[in-house]
Amino acid sequence: MTIQETIRGIVENAVSKAQTLNELPDIPLEEITIDRPQNPEHGDFASSLPLKLTKVMKVPPMIIADKVTSHIEIKGPISKAAVTNPGFINLFVDSDWLASQVELIIKSGDKYGNSARGSNTHIQIEFVSVNPTGPLHVGHARGAVFGSALAEILMASGYKVHREYYFNDAGSQIQKFYSSLYARYMQLFGREELVPEDGYQGQYMVELAKDIKRDLGAKYHAMTREDAVSELGREGINRMVETAKSDMQILNVSYDTWFEEKSLFSEGQYDRTMKLLSESGYLTEKDEATWLKSTSLGDDEDKVMVRRNGIPTYFATDVAYHYNKFLERRFDRVINVLGADHQGHARFMKAVPLAIGINPDRLNLIIYQLVTLKRGQDSVRASKRSGQMETLKDLVDDVGPDACRFFFLSRSPRSQMEFDLDLAKKQSSENPVFYIQYAHARICSILKLAEKNSIDYSNGNVALLQHKGETSLIKKMLEFPEIIQSVSETLEPHHLPHYSVELSTMFHWFYESCRVVSDKPQDVEITKARLKLVEASRIVLNRCLKLMLMSAPTEM
RNA sequence: GCCCCUGUAGCUCAGGGGAUAGAGCAACUGCCUUCUAAGCAGUGGGUCGCAGGUUCGAAUCCUGCCAGGGGCGCCA
């Protein structure tokens, strides 16, 4: 249980006690909100509950506040409860209780902040899922960072998380890729082959053809055109997938499954899905094509499932994919992370669970806004088909995986962000990421010194931690489990990097105001107590960095 | 035209019903004989796009308008 939940329970008890004694009207309560006031005079926690209850209870807020506060027991975490105008209840945390929490953090170790909220819930999270017809660009980096960090945090909350990358390896775009690659390959042998008008024109296709020629020579030149297109194409797609995998790796992103779209046909999901949809009456024929009546499920237009030429659309495979996720692999929840360029797909996606008889609440769609790049004065749009493009790899090579992850993760997915390439490079040593990592390195350096001096602080008395620099740091550390919990509920991981900065600030401040390792004989006890605090800080900050999939350097 | 997202300090962004709106960067002033100065302390900087509305209370919710980004294929 987090501290906030403990406090909420205390207030809740006080209210019901007042109700039992008929001091307040006995009406059912909604969830009680507990805030952390920014003004320290208003305590460590505050509740505006009386202001909210005044209307339904028909009692002035200050009276409610008085009655509730009189039943708040001054013990455990609470040292003082006060009422302030116009009807707030302010709660102050007991400093001895606070100091004792350091022991708990050390005892929890790398499990501090974990919870069992998600136990027995299987979540599948799908992110990036770029088709292997082009390189990954900076926008995909945003999705990758978001999805991978969210997955880590959900795991900390006890969910069973399955990370998945879905890619299209069949269909018309793949055919275009095949013929584009064939043309580039044959051009290397002096043949006048043209890349199709609507094909993939990018320079990377030339490079890909060169690589294949270098590794496999004229192998495909000797084949019939038909064989060459498909075999060379497959070789090309395989290489593109490998590149995507290595791009994910350099960003510290790993997956449990790379899911091939074509398996939906070979494994039968497509057929079973169409049968289910047909039996439920969601399919209809029009203009020689098969349509899904998705408007009846909230979509703004019906969608073609099978084209006039008999080939299924991506709408059909998407339904089959979710049929597989929900009905075959039986995930309790599914999270799909999409770029804003796919937002038109969102309304349809929300209809998909309904079409296969699944509660739509089990599907979460997260749409992140696009990344624009700025180089000098010029804004560059990240788009796969335009010529100019900053690839994910170029970006990571430039600013490093840690800075890249921190920068993307700090932004809420709904805000479109401008990535100033020049600034990112220039700032690389003034970046907030170093602020956090530096705090971690400082911590480790203190612990190293203690070890060198053979200080055994296992019997340190944390009750001695009463300095403002110490208590502020402990308070901040106690917020960590709340951050994990709130990110797991709201699916908004950007709070974690912000918290990490705040925690680092508290540590740096403690470091400046409290000398830890001291040689003076009279400081033996406080040194040991502070070393425990430093160890606890290491645990929490290290967890932050690890959950963000960033490195936690022990020296810098 | 319709749909989605955004508009907060010079810049990049948090805060998304509660008390005096925050951080980083940039600018300015101090602080290293002591565990890492990639740090700390301090100063300046705001009609929270505009206008109405709801509320005891609005940066936050609702409506309209303005501005920016994205989406409206039998492409994925």
Side-chain angles (χ1 to χ4, degrees), chain A residues 33 35 37-39 41-42 46-48 51-52 54-55 61 84-88 90 129-131 133 166-168 171-174 176 198 261 287-291 300-301 303-309 311-318 339-347 367-370 372 374 379 381 384 407 410-420 423-424 426-427 429-439 441-450 452-453 494-495 497-498 501-502 504-505 507-509 511-519 527 530-531 534 555-556:
Chain A
T33 58
D35 306 312
Q38 39 189 329
N39 185 340
E41 287 175 24
H42 296 143
S47 180
S48 58
L51 291 163
K52 296 197 166 88
T54 184
K55 201 172 214 173
T84 47
N85 272 314
F88 290 101
N90 297 144
S129 293
V130 177
N131 282 339
T133 51
Y166 173 83
F167 63 95
N168 179 306
S172 59
Q173 291 304 318
I174 299 299
K176 278 179 200 166
D198 56 351
E261 183 191 34
D287 301 336
E288 299 167 62
T290 306
W291 296 69
D300 43 12
E301 54 183 10
K303 295 290 192 294
V304 172
M305 300 295 274
V306 184
R307 299 177 178 91
R308 226 172 288 154
N309 61 13
I311 298 173
T313 63
Y314 75 97
F315 296 114
T317 48
D318 250 354
D341 52 341
H342 288 76
Q343 69 182 238
H345 200 41
R347 207 180 279 266
I367 296 167
Y368 63 90
Q369 297 301 309
L370 297 186
T372 43
K374 210 173 95 184
S379 279
R381 241 188 58 204
K384 189 156 54 171
F407 192 81
S410 308
R411 270 73 176 154
S412 151
R414 59 177 178 274
S415 74
Q416 64 200 46
M417 53 183 290
E418 187 160 89
F419 203 119
D420 188 326
L423 192 67
K426 195 173 70 186
Q427 272 191 351
S429 65
E430 287 291 328
N431 209 297
V433 63
F434 293 96
Y435 183 79
I436 301 167
Q437 293 182 322
Y438 184 62
R442 263 187 164 174
I443 288 170
C444 292
S445 149
I446 294 172
L447 295 174
K448 211 176 291 170
L449 179 70
K452 193 179 134 213
N453 294 1
H494 66 276
H495 294 115
H498 289 278
V501 171
E502 292 171 13
S504 302
T505 298
F507 180 79
H508 286 308
W509 192 51
Y511 178 92
E512 298 291 334
S513 49
C514 302
R515 172 80 200 183
V516 180
V517 179
S518 165
D519 294 335
T527 290
R530 283 178 176 163
L531 281 169
V534 173
E555 56 187 33
M556 285 173 75

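The figures here come from the full heavy-atom set of this structure, side chains too, leaving out hydrogens, waters and symmetry mates. Here is how names work: the chains are called A, B, and so on, in the same order as the sequence lines, proteins then strands, and each is numbered from 1.
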Item to check | Whole-Å gap separating C1' (A23(B)) and CZ (R411(A)) | outcome: 11 Å
Checklist entry - Does the N39(A) side chain pair with the main chain of E41(A), one donor and one acceptor, at a distance under 3.5 Å? => result yes
Checklist entry - Reckon Y511(A) has a side-chain N or O less than 4.0 Å from the OP1 or OP2 of A37(B)? => result yes
Item to check | Check: F167(A) main-chain N/O paired with S129(A) side-chain donor or acceptor under 3.5 Å | outcome: no
Checklist entry - Syn versus anti for C62(B), judged by chi lying within 90° of 0? => result anti
Next on the checklist: Distance check, P atoms only: U8(B) and G68(B), in whole angstrom units.
Outcome noted: 14 Å
Checklist entry - Roughly how far, to the nearest 0.5 Å, is the CD atom of E502(A) from the CD1 atom of I436(A)? => result 10.5 Å
Checklist entry - Below 3.5 Å, does any donor atom in the side chain of H494(A) face an acceptor in the base of A14(B), or the other way round? => result no
Measure all distances between protein nitrogen or oxygen atoms and nitrogen or oxygen atoms of nucleotides 18-21 of chain B, and list the pairs falling under 3.5 Å.
| from | atom 1 | to | atom 2 | distance (Å) |
| --- | --- | --- | --- | --- |
| G18(B) | N7 | S48(A) | OG | 3.1 |
| G18(B) | N7 | K52(A) | NZ | 3.4 |
| A19(B) | OP2 | Q38(A) | NE2 | 3.4 |
| A19(B) | N6 | N90(A) | ND2 | 2.9 |
| A19(B) | N1 | T84(A) | OG1 | 3.4 |
| A19(B) | N1 | N90(A) | ND2 | 3.4 |
| A19(B) | N3 | H42(A) | NE2 | 3.4 |
| U20(B) | O4 | N39(A) | ND2 | 2.6 |

Checklist entry - With rounding to whole Å, what would you report as the distance between A58(B) and C11(B) at their P atoms? => result 28 Å
Checklist entry - Is there a side-chain contact between R411(A) and Q369(A) (heavy atoms, below 4.5 Å)? => result no
Checklist entry - Can you check the L449(A) CG to U34(B) C1' distance for me, whole Å? => result 11 Å
Next on the checklist: Looking at F507(A), I'd like to know if the NZ or CZ of R442(A) sits under 6.0 Å from its six-membered ring centre while staying within 45 degrees of the ring's axis.
Outcome noted: no
Item to check | Student check: side-chain heavy atoms of Q416(A) and T372(A) closer than 4.5 Å | outcome: no
Item to check | Residues E261(A) and T317(A): side-chain donor-acceptor under 3.5 angstrom | outcome: yes
Next on the checklist: So does T33(A) get a backbone contact from the side chain of S47(A), meaning a donor-acceptor N/O pair under 3.5 Å?
Outcome noted: yes
Item to check | Nearest-Å distance once atom C1' is located in both C48(B) and A67(B) | outcome: 16 Å
Next on the checklist: Using modelled atom types and a 3.5 Å cut-off, is there a donor and acceptor pairing between side-chain atoms of T313(A) and backbone atoms of V304(A)?
Outcome noted: yes
Next on the checklist: What is the distance, to the nearest angstrom, from the CD atom on E301(A) to the C1' atom on C2(B)?
Outcome noted: 11 Å
Checklist entry - Taking the P atom of each, how far is U29(B) from U34(B), in whole Å? => result 25 Å
Nucleotides 40-44 of chain B: which of its N/O atoms have a protein N/O under 3.5 Å away?
| from | atom 1 | to | atom 2 | distance (Å) |
| --- | --- | --- | --- | --- |
| C40(B) | OP1 | Y435(A) | OH | 2.5 |
| C40(B) | O4' | E512(A) | OE2 | 3.4 |

Checklist outcome for this item: Taken to the nearest whole Å, CZ/F167(A) to C1'/A76(B) is 14 Å
Next on the checklist: Can you measure K303(A) atom NZ to G71(B) atom C1' for me and round it to whole angstrom units?
Outcome noted: 12 Å
Item to check | Residue list, ring pair (Phe, Tyr, Trp, His ring centres under 6.0 Å) with H495(A), at least two apart or on another chain | outcome: none
Checklist entry - In which ranges does RNA chain B form stems of 3 or more consecutive Watson-Crick or G-U pairs, distances under 3.5 Å? => result B:1-7 with B:66-72, B:10-13 with B:22-25, B:27-31 with B:39-43, B:49-53 with B:61-65
Item to check | Length of the line joining H345(A):NE2 and G73(B):P, which is rounded to integer Å | outcome: 14 Å
Next on the checklist: Using a 5.5 Å cut-off between ring centres and planes within 30 degrees, is F434(A) stacked on the base of A38(B)?
Outcome noted: yes
Item to check | Gap in Å between the two P atoms, one belonging to A41(B) and one to U6(B), rounded | outcome: 34 Å
Checklist outcome for this item: Against the side chain of H498(A), the closest entry in C13(B), C74(B), A76(B) is C13(B)
Checklist outcome for this item: dist H42(A):NE2 -> T84(A):OG1 (nearest 0.5 Å) comes out at 5.5 Å
Next on the checklist: What's C514(A) touching, base or sugar-phosphate or nothing? Going by heavy atoms closer than 4.0 Å.
Outcome noted: base
Next on the checklist: Between C35(B) and C40(B), how many Å separate the two C1' atoms, rounded to a whole number?
Outcome noted: 15 Å
Checklist entry - Taking CG from D198(A) and P from C75(B), how many angstroms apart are they, rounded to a whole number? => result 11 Å
Item to check | Mutual orientation of the aromatic rings belonging to H498(A) and H494(A) [parallel < 30°, tilted 30-60°, perpendicular > 60°] | outcome: perpendicular
Checklist entry - What nucleotide, of U12(B), C35(B), U55(B), holds the atom closest to the side chain of V516(A)? => result C35(B)
Checklist entry - How many angstroms lie between atom CD of Q173(A) and atom CG of N131(A), to the nearest 0.5 angstrom? => result 8.0 Å
Checklist entry - Which part of the nucleic acid, if any, lies within contact of A289(A), taking any heavy atom under 4.0 Å across all strands shown: a base, the sugar-phosphate backbone alone, or nothing? => result base
Checklist entry - So, is R530(A) near the phosphate of C35(B), with a side-chain N or O under 4.0 Å from OP1 or OP2? => result no
Next on the checklist: Would you measure the distance from the C1' atom in U60(B) across to the matching atom in A19(B) and give it in whole Å?
Outcome noted: 15 Å
Next on the checklist: Could you tell me how far apart L370(A) (CG) and G71(B) (P) are, to the nearest whole angstrom?
Outcome noted: 7 Å
Checklist entry - Does K303(A) have any side chain to side chain contact (heavy atoms under 4.5 Å, CB included) partners at least two apart in sequence or in another chain, and if so, which? => result S294(A), D299(A), D300(A), E301(A), F315(A), F348(A)
Next on the checklist: Using the P atom as the point on both nucleotides, what is the distance between C4(B) and A9(B), in whole Å?
Outcome noted: 26 Å
Next on the checklist: Taking only side-chain N and O atoms of Y438(A), does any of them lie within less than 4.0 angstrom of OP1 or OP2 on A38(B)?
Outcome noted: yes
Checklist entry - Any donor-acceptor pair under 3.5 Å linking the side chain of Q437(A) with the backbone of F434(A)? => result no
Any protein N or O atoms within reach of nucleotides 3-11 of chain B? Criterion: under 3.5 Å, listing atom names and distances.
| from | atom 1 | to | atom 2 | distance (Å) |
| --- | --- | --- | --- | --- |
| C3(B) | O2' | R347(A) | NH2 | 3.4 |
| C4(B) | O2 | Q343(A) | OE1 | 2.9 |
| C5(B) | O2' | R414(A) | O | 2.4 |
| U6(B) | OP1 | R414(A) | NE | 3.1 |

Item to check | Any side-chain heavy-atom pair of Y435(A) and T505(A) under 4.5 Å | outcome: yes
Checklist entry - Looking across every strand, which nucleic acid part, if any, lies under 4.0 Å from M305(A) by heavy atom: base, sugar-phosphate, or nothing? => result nothing
